[in-house]
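Everything below concerns the one structure shown next.
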Protein chains: 2
Amino acid sequence: MSTLATSRPTQRDAYDLILEAIDVGVYKPGSRLVESELAERFGVSRTPIREALQRLETQSLLTRDGRSLIVASLDHNQMAELYVVRTQLEGLAARLAAQHSSVEEVNLLQQMVEVDRGHVLDAAALARSNKRFHKQLHLASHNRFLVQQLDLVYRSMALLATTSLAVEGRGPIALDEHQSIVTAISDRDGIAAYEAVKQHLSQAFVTRLKHDAEGQSY
Amino acid sequence: MSTLATSRPTQRDAYDLILEAIDVGVYKPGSRLVESELAERFGVSRTPIREALQRLETQSLLTRDGRSLIVASLDHNQMAELYVVRTQLEGLAARLAAQHSSVEEVNLLQQMVEVDRGHVLDAAALARSNKRFHKQLHLASHNRFLVQQLDLVYRSMALLATTSLAVEGRGPIALDEHQSIVTAISDRDGIAAYEAVKQHLSQAFVTRLKHDAEGQSY
DNA sequence: GGAGCCAATAATGTCGACACTCGCTACATC
DNA sequence: GATGTAGCGAGTGTCGACATTATTGGCTCC
């Protein structure tokens, strides 16, 4: 009997299950999602499946092709557009965090950076803790709408298969950039925090573009 | 929020019907929404109602109170938070519009301002065309994610009963501010466009706060 | 008289079945 | 050989019924 809450899902709903299936890559961008198939896979009826699909569609993770739903995909332009929006929102989060975060929240961010220095070799672990770091940054803004909008952005990014952290040598640099963000917030310097985030995401974007370009076949 | 302008009442789906009911004020913030009641009101079964409610919930227009759904409401803090996010996103839209909009799009924005000068006395008409103006501004950014995020913001604003345009004397001033935005975009001056939007929304927020304060009873 | 418990009720969550639509294939016709 | 057409099947949209769970109101007991 599994007792580790993190490993075995206790009664997760259809929404989480489908989202994870997309994350893991069972359904890739462009795949068609058939209600009855999902229902059978997860051992429930079509009703909860349909509701989960509705939610995923309103979040733009799924899109309609005729009458059926397929996993949305991001072409180059859309990815660029997404980064622009993400930068604007996450920059705002950093600025607000510099103004509104508690000392404890800043400490937590600082600790996260330091702990991560021990994981620079494990790309998967780094990707996970990177997500946590950014999420914590969002929360530190103390703005619920912003957190919500950034959640949406991050969910869309799940459609992008790889994380830029997997690229050789990106990990340590990204951590330095995280440190700059935390330092600016700790100094209560909103402008610097904004700029640090902008710089960080710009670098991440460049890394991704470079990585994608190398994968091109023509 | 009528998406189908001037159309006949063709078979709108449950989502639109509920949204309109909220807009019109049949269900006010805090009201409890009962599935069977909505189903009867609109003459459909609970299934489509449930799916509509799911969508509205994921868009944060509805919120859970225990197991049931109620129309979300925005307290003072949330309204302030919403304005911050809106300003950041709409400022970005203006900046991008200055960079990417076509001449035709700018012309359209300019026309909208001029036409609206004829409606300054009709608060309801002004509110409608104000929404259209801002929507057009969003589209001029040529960034689909941004448009989508701003759609969300505007839908949340539907929870705020009044529009600041209804306040005495706000109409003409708001139009001047719109003109400033259009001029900056026309000049391809992204910074100025950003600042003009920031100014515009700041004024709108002040107006709303003043209006709300006057409505207080203590 | 108040607190706690239990039953009745109302509302949500889930299900299987049916209706309808659209795309596909196979056949026939020109 | 190409094109139109009729039938078929897969898949979605909708429904009513049943299961499950919160809530409320009344009742008992302290």
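Numbers restart at 1 for each chain; the letters A, B, ... are given by sequence-line order, proteins then strands. Quick caveat, the model's predicted, so the values are computed rather than measured.
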Quick one: salt bridge (Lys or Arg N to Asp or Glu O under 4.0 Å) partners of [X], sequence neighbours excluded?
X      : result
A:R55  : none
B:R67  : none
A:E105 : none

From B:L17 CG over to B:I49 CD1, what is the distance, rounded to the nearest 0.5 angstrom?
7.5 Å
Rounding to a whole Å, what distance do you find between [X]:[atom1] and [N]:[atom2]?
X     : N      : atom1 : atom2 : answer
B:I70 : C:dT12 : CD1   : P     : 13 Å
B:R64 : C:dA11 : CZ    : C1'   : 12 Å
B:L33 : C:dA10 : CG    : P     : 19 Å

What nitrogen or oxygen pairs link the protein and nucleotides 20-25 of chain C at under 3.5 Å?
| unit_1 | atom_1 | unit_2 | atom_2 | d |
| --- | --- | --- | --- | --- |
| C:dT21 | O2 | A:R67 | NH2 | 2.9 |

Can you sort out the partners of B:S60 under side-chain contact (heavy atoms from CB on, under 4.5 Å), two or more places apart, ordered by chain and number?
A:Q148
In the structure I gave you, are the side-chain heavy atoms of A:R128 and A:H119 within less than 4.5 Å of one another anywhere?
no
Decide yes or no for A:H76 and A:L209: does some side-chain heavy atom of the first lie under 4.5 Å from some side-chain heavy atom of the second?
yes
Any side-chain donor paired with an acceptor under 3.5 Å for A:H100 and A:N143?
no
In residues 35-57 of chain B, which residues come under 4.0 Å of DNA chain C by heavy atom?
B:E35, B:R46, B:R50
